[in-house]
Amino acid sequence: MWNENSKPHPQIKGAKIIEGKVNFPISWLNQQGYCEYSIFLEYVEGISTADTPEMKKGQDIHQQLEEKFKEEAVPTTFNEMMELSQKEEILSRELWVVSPEHGIRGFIDEIWLTPDEFVIIDDKPGTTAYYSTINQVFGYCLAFKDTLQKEDNYGNDGRRIRAALRERGTDNIFWSAEFDQKAENQIKSLVDRMQELFNGSKSFLPTTNPRKCAKCRFRSYCEFK
Ligand code: SF4
């Protein structure tokens, strides 16, 4: 099991070493799209800031959804879910996925498991499908696919994987796309870049968009603002 070979990264806060490889939270792919340098400040330099009102609101809505789901949820194992969903549609929240191979891990907000496909849903404020949020949900798809392939019998049953973004606190899916080979290649290439940032072979680039800096919680610590 991966967690038997897991330990905290000695220099990068929040990263781990799993099976000898740097493993980072998939949500960092979203932060990368906002500004790579903020990842450096937060996790390499270890600067912490207070949560923004938007972050607090997101956490509250997330908690409410989780509690509502738990009222009717039936605990089950990953393999039981896979088996049951070959016959009927089921829903899971906060599904843990990890890919030691690509060095990513995280909790999927919600997943619909149907006899034909898996729909990986990430809840977001607003209804704009940013490049960064698409990367994040593709990251969950990649880790989910790797998780499937680790489990006997279920990795190759032909079901498609679909990525979706939903307006937080609503049923409004405002973007979705199949996690096809092109999407997989795109996200693998970005994950590889992240690995290069962490091993020092590439530099964390600051955004060139002053509007992002104006709203950035690391602004007072940043030399590029
Ligand atoms: S102030 Fe601007 S350049 Fe600096 S971390 Fe924030 S977004 Fe990036």
Side-chain angles (χ1 to χ4, degrees), residues 1-6 16 18-19 21 23-30 58-59 61-124 129 133-181 183-184 186-188 191:
M1 290 287 287
W2 67 269
N3 53 358
E4 290 167 6
N5 292 313
S6 165
K16 290 180 182 287
I18 296 177
E19 296 184 7
K21 184 170 181 122
N23 191 295
F24 64 90
I26 291 167
S27 59
W28 292 8
L29 295 172
N30 191 0
Q59 286 157 7
I61 294 175
H62 191 88
Q63 187 63 31
Q64 286 163 15
L65 284 171
E66 188 63 12
E67 281 165 13
K68 193 169 162 221
F69 173 75
K70 278 183 183 159
E71 283 169 13
E72 296 179 1
V74 180
T76 185
T77 67
F78 187 83
N79 281 0
E80 282 166 355
M81 275 197 323
M82 290 300 129
E83 195 167 342
L84 182 60
S85 66
Q86 285 173 328
K87 299 183 212 108
E88 62 183 82
E89 180 170 336
I90 58 174
L91 180 153
S92 177
R93 280 193 59 82
E94 298 298 316
L95 182 71
W96 171 252
V97 284
V98 59
S99 167
E101 181 188 347
H102 294 101
I104 52 175
R105 67 185 194 281
F107 287 98
I108 297 173
D109 279 341
E110 189 168 303
I111 176 168
W112 301 340
L113 304 103
T114 82
D116 301 317
E117 65 178 3
F118 304 109
V119 184
I120 309 276
I121 297 172
D122 200 30
D123 288 322
K124 290 290 171 217
T133 50
I134 291 171
N135 283 337
Q136 183 179 0
V137 72
F138 279 163
Y140 291 121
C141 292
L142 179 62
F144 178 74
K145 187 172 179 182
D146 284 358
T147 303
L148 277 183
Q149 285 170 346
K150 273 191 306 185
E151 303 290 336
D152 289 343
N153 304 324
Y154 300 112
N156 296 313
D157 73 0
R159 282 186 269 183
R160 297 180 303 270
I161 299 175
R162 172 164 290 277
L165 297 173
R166 181 172 61 187
E167 184 180 2
R168 184 174 285 148
T170 77
D171 295 329
N172 178 26
I173 302 273
F174 61 88
W175 174 91
S176 88
E178 187 169 341
F179 185 62
D180 56 14
Q181 195 59 55
E184 186 171 336
Q186 175 189 318
I187 200 61
K188 280 180 178 170
V191 169

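In this chain, residues are counted from 1 in sequence order. Because only heavy atoms are used, hydrogens play no part in the values below, and waters and symmetry mates are left out as well, while side chains stay in.
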Original post:
Would you call the rings of F107 and W96 parallel, tilted or perpendicular, where under 30° means parallel and over 60° means perpendicular?
Top reply: tilted
Subject >> Contact summary for N23 and S99, nearest pair of heavy atoms >> reply: ND2-O, 3.5 Å
**OP:** Specify whether F144 and F118 have parallel, tilted or perpendicular ring planes, treating 30° as the upper limit for parallel and 60° as the lower limit for perpendicular.
**Re:** perpendicular
Subject >> Test side-chain contact (heavy atoms from CB on, under 4.5 Å) applied to I121 and I108, I173, I111, D109, the passing residue >> reply: I173
Subject >> Side-chain heavy atoms of P115 within contact of K87, under 4.5 Å >> reply: no
Subject >> Where I26 and G139 come nearest, the two heavy atoms and their spacing >> reply: CD1-O, 3.7 Å
Original post:
If every non-hydrogen atom of W175 is compared with every non-hydrogen atom of A163, which pair is closest and at what distance?
Top reply: CZ3-O, 3.7 Å
Original post:
What distance do L142 atom CG and H102 atom NE2 have between them, rounded to the nearest 0.5 Å?
Top reply: 5.0 Å
Subject >> CD on Q136 to CD1 on I120, rounded to 0.5 Å >> reply: 12.5 Å
Subject >> Shortest non-hydrogen contact between E178 and R162, atoms and distance >> reply: N-NH1, 3.7 Å
**OP:** Could you tell me whether the side chain of I187 reaches within less than 4.5 Å of the side chain of L29, counting heavy atoms only?
**Re:** yes
Subject >> Test side-chain contact (heavy atoms from CB on, under 4.5 Å) applied to N30 and N135, step by step >> reply: CA-CA 7 Å; N30 191 0; N135 283 337; over 6 Å; no
Original post:
Which atom names give the shortest non-hydrogen contact between I90 and M81, and what distance separates them?
Top reply: CD1-O, 3.5 Å
Original post:
How long is the span from the CG atom in L165 to the CG atom in D123, to the nearest 0.5 Å?
Top reply: 9.0 Å
Original post:
V119 versus F179: any side-chain heavy-atom pair under 4.5 Å?
Top reply: no
Original post:
Between T147 (side chain) and A143 (backbone), is there a donor-acceptor pair under 3.5 Å?
Top reply: yes
Original post:
Can you tell me how far OH of Y140 sits from CD1 of I104, rounded to the nearest 0.5 angstrom?
Top reply: 10.0 Å
Original post:
Can you name the closest pair of heavy atoms from A164 and V137 and give their distance?
Top reply: O-CG2, 3.7 Å
Subject >> R105 side, atom CZ; K16 side, atom NZ - distance, nearest 0.5 Å >> reply: 5.5 Å
Original post:
Is any side-chain heavy atom of M82 less than 4.5 Å from a side-chain heavy atom of Q86?
Top reply: no
**OP:** Output, in order, the C-alpha distance, side-chain angles, deciding distance and verdict of side-chain contact (heavy atoms from CB on, under 4.5 Å) for E184 and Q181.
**Re:** CA-CA 5 Å; E184 186 171 336; Q181 195 59 55; 4.2 Å; yes
Subject >> CG-OG1 distance between D116 and T114, expressed to the nearest 0.5 angstrom >> reply: 5.0 Å
Subject >> Side chain K21, main chain P100, donor-acceptor under 3.5 Å >> reply: no
